[in-house]
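Small disclaimer: the values here were computed from a predicted structure and weren't measured. Below, all heavy atoms of this structure are taken into account, side chains as well, without hydrogens, waters or symmetry copies.
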Amino acid sequence: MNSLRRITLATLIVAVPSFAAAQGKATHPAPPVVMGKSAPVRQDNRADKIADKSERKADRTADQAARNADKVADKSAHNATKAAGKTERMTEKTERSDLKFAHNQKHLTKGIRLTSAEKAQFKAIEKKYDEQYRALRPKEAADEKAAKKNGTVESDAAFRSQITQLKTQERAEMRGVLTTEQQSIFDSNVIKLSSHK
């Protein structure tokens with residue numbers, strides 16, 4: 001009976017692994033255990049697991065680098081747009097101040113006593129040129145809008161030359177109203193205003 005038990009036990013020992021293999025469950029050898037400082041550390045040295053792990057790490061690194069590059073590109077685009085907007089606002093502010101300064105004739109008559117007839121003529125001249133100055137601004141805005149639409153850079157040189165031309169014509173007409181003595185004071189005021197700009 002003793003020998004029967006031994007045969008049965010030996011058959012079971014041999015049959016169980018082959019039975020497990022037949023079911024598709026292959027037994028894997030246990031990974032080696034390396035002793036760490038405080039506890040055993042399990043090391044999985046299988047090449048495919050190591051390759052998968054390094055591939056996942058490379059993917060994460062590449063994704064992070066792409067996200068960082070996108071952030072830098074977005075930030076630089078935002079800063080460029082912001083700078084362009086600031087430049088445009090400054091240009092518009094300068095144009096408005098040029099218009100206002102060109103038409104502000106109070107500084108030109110400083111120290112001159114105008115008669116009521118001269119005042120009336122000055123008002124008529126100012127009214128005439130006021131309409132022309134007002135017409136310049138919408139035309140300039142339309143030119144800027146068209147330049148943006150076409151993708152070109154709109155030159156402010158034409159706008160500035162129109163302002164200068166109107167300013168010169170207006171001052172010449174005003175000067176024509178004045179007496180010779182008043183004209184010399186007017187001319188010195190024009191020189192002072194030109195030096196302030």
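For the pair Ala135 and Pro138, the tightest heavy-atom approach, listed with the atom from each and the gap, is O-CD, 3.5 Å. Closest heavy-atom contact between Val177 and Gln121: CG1-OE1, 2.8 Å.
Listed by chain and number, the residues in a side chain to side chain contact (heavy atoms under 4.5 Å, CB included) with Gln64 are Arg67, Asn68 (sequence neighbours excluded). Every residue was checked against the salt bridge (charged side-chain N to carboxylate O under 4.0 Å, His left out) condition with Lys123, not counting sequence neighbours, and none meets it.
Side chain of Glu118 to backbone of Thr115: a donor-acceptor contact under 3.5 angstrom is found. Remark: the backbone N or O of Lys167 is not paired with any side-chain donor or acceptor of Glu170 at under 3.5 angstrom. Remark: side-chain polar atoms of Gln132 are not paired, donor with acceptor, to backbone N or O of Leu166 under 3.5 angstrom.
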List the steps, then state whether side-chain contact (heavy atoms from CB on, under 4.5 Å) holds for Leu114 with Leu178. CA-CA 8 Å; Leu114 297 174; Leu178 301 172; 3.6 Å; yes
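Atom OG of residue Ser188 and atom CD of residue Gln183 lie 12.0 Å apart, to the nearest 0.5 angstrom. The distance from the CD atom of Glu181 to the CZ atom of Arg113 is 12.5 Å, given to the nearest 0.5 Å. One finds the CD atom of Gln169 at 4.5 Å from the OH atom of Tyr129 (value rounded to the nearest 0.5 Å). Rounded to the nearest 0.5 Å, atoms NZ (Lys57) and CG (Asp59) are 12.5 Å apart.
In summary, Glu173 and Lys128 engage in a salt bridge, as defined by a charged side-chain N under 4.0 Å from a carboxylate O.
You'll find the side chain of Thr168 stays beyond 4.5 Å of the side chain of Gln165, heavy atoms only.
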Report, one line per pair, each donor and acceptor closer than 3.5 Å where one atom sits in a side chain of residues 69-76; sequence neighbours left out.
from: Ser76; atom 1: OG; to: Val72; atom 2: O; distance (Å): 3.3
from: Ser76; atom 1: OG; to: Ala73; atom 2: O; distance (Å): 2.9

